Amino acid sequence: LTDSFDKVLNIVIHSLKDFPEFEHYIEKKETKGKKGEPDVLLEIFLKLEYQILKRKPKQCQKVMEQIAEFTLSEEYAQSVTRLGSLIERYKFKEAQEILESMIAKLKGEEEIHG
């Protein structure tokens, strides 16, 4: 539900770009998300992994909310969406597999950038 709301909101916001009185709001909305820095994301993903291993859906949801604050690449965004869906359905084993893959990719990116 939140994802579809965000998509619709982005469409509305982008259609309002022609109206100068909305420019300030549009700029704030577009820069709201933090850039997904590999080391910060890795730390959050590791927190999520811990909660998945403990099978704590409410705690997982809290960590997912932290992840939602970031601007992610399309690849990570799709994986995070899938991850959220699996956690909501208590499919922790499948969620863990996806998360482990994301962590491995992030560790690889961190080695390249760091």
Side-chain angles (χ1 to χ4, degrees):
L1 184 62
T2 305
D3 290 290
S4 48
F5 175 77
D6 282 343
K7 287 177 186 175
V8 172
L9 182 61
N10 281 331
I11 291 169
V12 171
I13 288 172
H14 287 290
S15 66
L16 293 174
K17 281 187 176 183
D18 297 331
F19 298 95
E21 60 269 20
F22 291 106
E23 282 180 20
H24 180 70
Y25 173 74
I26 291 169
E27 289 172 15
K28 281 175 64 179
K29 172 65 179 163
E30 289 179 348
T31 58
K32 175 191 164 242
K34 303 174 210 169
K35 182 72 176 138
E37 298 173 20
D39 56 336
V40 177
L41 283 175
L42 180 59
E43 183 179 324
I44 294 172
F45 286 170
L46 291 173
K47 284 184 195 176
L48 181 60
E49 182 178 39
Y50 177 74
Q51 297 303 333
I52 286 174
L53 290 172
K54 288 176 57 176
R55 298 180 178 268
K56 301 280 187 178
K58 287 184 181 180
Q59 296 302 318
C60 289
Q61 189 59 36
K62 288 180 182 178
V63 179
M64 292 295 289
E65 288 170 7
Q66 290 179 337
I67 294 170
E69 294 176 9
F70 287 86
T71 302
L72 302 172
S73 68
E74 185 65 30
E75 178 183 3
Y76 284 114
Q78 288 176 353
S79 294
V80 167
T81 301
R82 176 89 174 114
L83 196 57
S85 174
L86 290 169
I87 291 169
E88 286 175 3
R89 295 181 298 168
Y90 303 96
K91 296 189 178 256
F92 294 105
K93 185 173 174 93
E94 291 175 51
Q96 184 180 356
E97 291 171 5
I98 290 173
L99 185 58
E100 285 174 354
S101 169
M102 292 170 62
I103 289 171
K105 286 179 193 173
L106 267 179
K107 284 183 177 177
E109 287 178 20
E110 195 174 57
E111 289 173 10
I112 292 170
H113 292 58

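Computed from a predicted structure; not experimentally measured. Just the heavy atoms: all of them, side chains too, but no hydrogens, waters or symmetry mates, feed the values below.
Residue Val40 is grouped with residue Met64 when hydrophobic side chains (ILVMFWY) are merged at heavy-atom distances under 4.5 angstrom, including chains of intermediate members. Ile98 and Tyr90 fall within the same hydrophobic cluster, where Ile, Leu, Val, Met, Phe, Trp and Tyr residues are linked whenever their side-chain heavy atoms come under 4.5 Å apart, directly or through other members. In the hydrophobic clustering of ILVMFWY residues, with side-chain heavy atoms under 4.5 Å counting as a link, Leu46 and Tyr50 come out apart.
Leu106 and Leu42 make their closest contact through CD1-N, 3.6 Å (heavy atoms, listed as atom of the first residue, atom of the second, distance). Looking at every heavy atom in both residues, Cys60 comes nearest to Ile87 through CB-CG2, 3.7 Å. Ile44 approaches Phe70 most closely through the heavy-atom pair CD1-CE1, 3.4 Å.
Under the 4.5 Å side-chain criterion, counting only non-hydrogen atoms from C-beta, Leu86 is not in contact with Gln96. With contacts defined as side-chain heavy-atom distances shorter than 4.5 Å, the pair Tyr76/Lys105 qualifies. Side chains of Pro57 and Gln61 form no contact here, defined as non-hydrogen atoms less than 4.5 Å apart.
Distance check, rounded to the nearest 0.5 Å: CG of Leu99 to CD of Gln51 gives 11.5 Å. The CD atom of Glu65 lies 8.5 Å from the CD atom of Glu69; values are rounded to the nearest 0.5 Å. Here the straight-line distance linking atom CD of Glu88 with atom CG of Leu83 works out to 10.5 Å at 0.5 Å rounding.
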Exercise for review: Using the side-chain contact (heavy atoms from CB on, under 4.5 Å) rule, take Leu72 and Leu41 through it: C-alpha gap first, then chi angles, then the decisive distance, then the call.
Suggested key: CA-CA 10 Å; Leu72 302 172; Leu41 283 175; 3.6 Å; yes
**Study point:** Intermediate values then yes/no, side-chain contact (heavy atoms from CB on, under 4.5 Å), Ile52 and Glu49
**Key:** CA-CA 5 Å; Ile52 286 174; Glu49 182 178 39; 5.6 Å; no
Practice item. Could you give me the CA-CA distance, side-chain angles and deciding distance for Val63 and Gln66, then say whether side-chain contact (heavy atoms from CB on, under 4.5 Å) is met? Key: CA-CA 5 Å; Val63 179; Gln66 290 179 337; 4.2 Å; yes
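Checked by atom type and distance alone, the side chain of Ser79 pairs as donor or acceptor with a backbone atom of Glu75 at under 3.5 Å.
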